[in-house]
Amino acid sequence: MSEAVNQNNVAITLPDGTVRHFVTGVTAGEVAADIGPGLAKAALAARIDDKLVDLSTRIEFNAAVSIVTVKDDEALELLRHDAAHVLAEAAKELWPDIQVTIGPVIENGFYYDFGRADPFTPNDLVNMEQRMREIVSRDEEITREVWNREYAIEFFTSIGEQYKAEIVRDLPESEVITIYKQGEFVDLCRGPHLPSTGKLGSNFKLMKIAGAYWRGESRNEMLQRVYGTAWATEKELKQYLHRLDEAERRDHRRLGREMDLFHIQEEATGSVFWHVKGWTLYRVIESYMRRRLEGASYVEVRTPQLFDRVLWEKSGHWEKFCEHMFTSESEERVLALKPMNCPGHVQIFRQGLKSYRDLPLRMAEFGCCHRNEPSGALHGLMRVRAFVQDDAHIFCTEDQVNQETAEFCELLMSIYRDFGFTDVIVKFCDRPEMRAGDDVVWDRAERSLKDALDQTGLDYVANPGEGAFYGPKLDFVLRDAIGRDWQCGTWQVDFVLPERLDASYVGADGVKRRPVMLHRAILGSFERFIGILIEHYAGRFPVWLAPIQAVVATITNESDSYALRVNEALQEAGLRSEIDLRNETINYKVREHTYAKIPMILVVGAREAEQGTVSLRWLGGKKQEVLALDQAVANLSDAAAVPA
RNA sequence: GCCGCCGUAGCUCAGGGGUAGAGCACACCCUUGGUAAGGGUGGGGUCGAGUGUUCAAUUCACUCCGGCGGCACCA
């Protein structure tokens, strides 16, 4: 390239800082080719002054340019976006009268929604994927055009693409309407795209078919969605598929059955039958939580299951959620099973005069709530119709919100740590569109919560419009062992409910005032939290949580009486142990209790009986250690200690 | 609730217009074996429920219930 600089040249700064000069209007692809043939081949897109663009983009001004290859993070997004387009092209080829709609990139892949009278069959999925691979091997050039709005609408209408025409019609006037073509396929798209379909490669797979509402609105017609996954390398694709297998292996519904923790049956859909072992786990968690709450100066109460609907009308829940409440009738009154504890707690607060000296009043309840969730939403323990939260409401003054928020965050983090979760995301959720209370109150509530959060020093992300209908909130999201997020904890500021249910206290000046109500939970529902724990630990619970902590297994029946003594010693030390005296080989017993994920197996035979020892084997370990009985009991007790 | 798929033994699954099979589990017998399956015998099913077609339905059709995957919802 010439060093001369004139107005027909552009100076292009490369990522390493070198500057090259090109004729004005050079394409990003040509720049890549000038740098080297290897890069030209690998080039997928370009970044011009930080804007991601097609390789065909002409460069008219001096700019910083970098060439995007498969090694760059954004390449994956391009790849997935192109996969969606290739899928749409394949579907159009297979069924010419199918309508294309949208096909965005999502976590781990992409989807495409089609308008079609008949739903897809699993075989269609196979055919579409096959056709996609053909389109990739055709290596069709992908080209971009800018169209006039009216023309675009006319065009899409003329080829029967009503959805596309609607999308164009609804685009803001300022939007440039860009069209991408590959082979015979013409699509409205913002871009950018890869230079040709061949660049997609072969590391993609169509995963499943599903229904999805047009524009995500349940009143709209249902489209046919195809989900796919796409990766830069075969290795990453395989790893992803392996992760899916791993998630399936951990599925709490499967482990719940295999480990005999709980079941759910037709006659009580959405409600849990806790079996002995599952209920043991539940009780361990519950008593742990009771202790932590006591330590944080909470008091515990119990409020009724059934309330007259007038209470729910007063609280505002009836108006918004009556569809999701279970109701019953008695003596001409409509009663509703409580979907939450807060109105009940206000009733207790209202008994007798409360003084500012009583605040903050931290009122906890492990109360069973019922919500009539839509049938399609039910999912094992994760979404049920009857559940118990580690629920509490803090009645306090506005001035106390700061301190309460700080203390709550500390308690929550400490509890999560005890359960083995250290990666926690905090979300700040502000006013939703549908809400109670006027904007002045919301301004105050949001400001007060934000100030308090800032003072905790925790990192957080904004989650606009996602607050509760009565106030802003913080959501606490756990990341589990395989990288999935679960929203569990919540902290909600509420100026509305105390007003509606007329809660008040007497201030230092003798004047009646409204308390602020803070709704809060750490685990969320016990049911769901246990589901999360099962999946997080893949059923291999830490010893303190394991329903059965130890099994004493004999080698021959000769040692039965000694084994009974060992088991007794364990139980006396407060361990949850079982004994296996069956007439089976030790191999069989070890295998079975290992599959049952028992943390420790104590094998006893003639030798141990004679010497007063046990042969101890830990879950996941292959070695055994022979210890004196009292030493073993001491070790196991330590291992089983509930976090302090 | 909406779209699709599925429902056979306790579990995982095979089968298919003429009232059912495997492995594991379970019970009994033999075996008393030192750290991931010792051997034998046996019991167990209104094939999710209902209606229809048929000489005959677990099998085909329809309806309902439930499960699964999404969508929508989630105080």
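The chains referred to below are lettered A, B, ... by the order of the sequence lines, with proteins before strands, and numbering in each begins at 1. Any value given below was found using the heavy atoms of this structure, including those in side chains, with hydrogens, waters and symmetry copies removed.
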Subject >> Step-by-step salt bridge (charged side-chain N to carboxylate O under 4.0 Å, His left out) determination, A/R362 to A/E404 >> reply: CA-CA 10 Å; A/R362 308 183 187 92; A/E404 289 302 312; 2.8 Å; yes

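Map A/R385 and A/P119 each onto its nearest nucleotide of RNA chain B; the residue landing nearer the 5' end is A/R385. The 5' end of RNA chain B is approached more closely, in terms of each residue's nearest nucleotide, by A/E266 than by the other of A/H370 and A/E266.
Across all strands, A/R528 comes closer than 4.0 Å to no nucleic acid atom at all (heavy-atom distances). Using a 4.0 Å heavy-atom cutoff across all strands shown, A/A553 reaches no nucleic acid atom at all. Using a 4.0 Å heavy-atom cutoff across all strands shown, A/R383 reaches at least one base atom of the nucleic acid. Looking at heavy-atom distances under 4.0 Å, A/Y470 makes contact with sugar-phosphate atoms alone, never a base. When heavy atoms are screened at a 4.0 angstrom cut-off, A/A212 is found touching the sugar-phosphate backbone but no base atom. Contact annotation for A/G316: no contact, since no heavy-atom pair falls under 4.0 Å across all strands.
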Subject >> B/S/- contact track for nucleotides 38-45 of chain B, protein heavy atom under 4.0 Å >> reply: S-------

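At the phosphate of B/rG69, neither OP1 nor OP2 sits under 4.0 Å from any side-chain N or O atom of A/R225.
Straight-line distance from the NE2 atom of A/H263 to the P atom of B/rG10: 13 Å, rounded to whole Å.
Judged by distance alone with a 3.5 Å cut-off, a donor-acceptor contact links the side chain of A/Y213 to the base of B/rG1.
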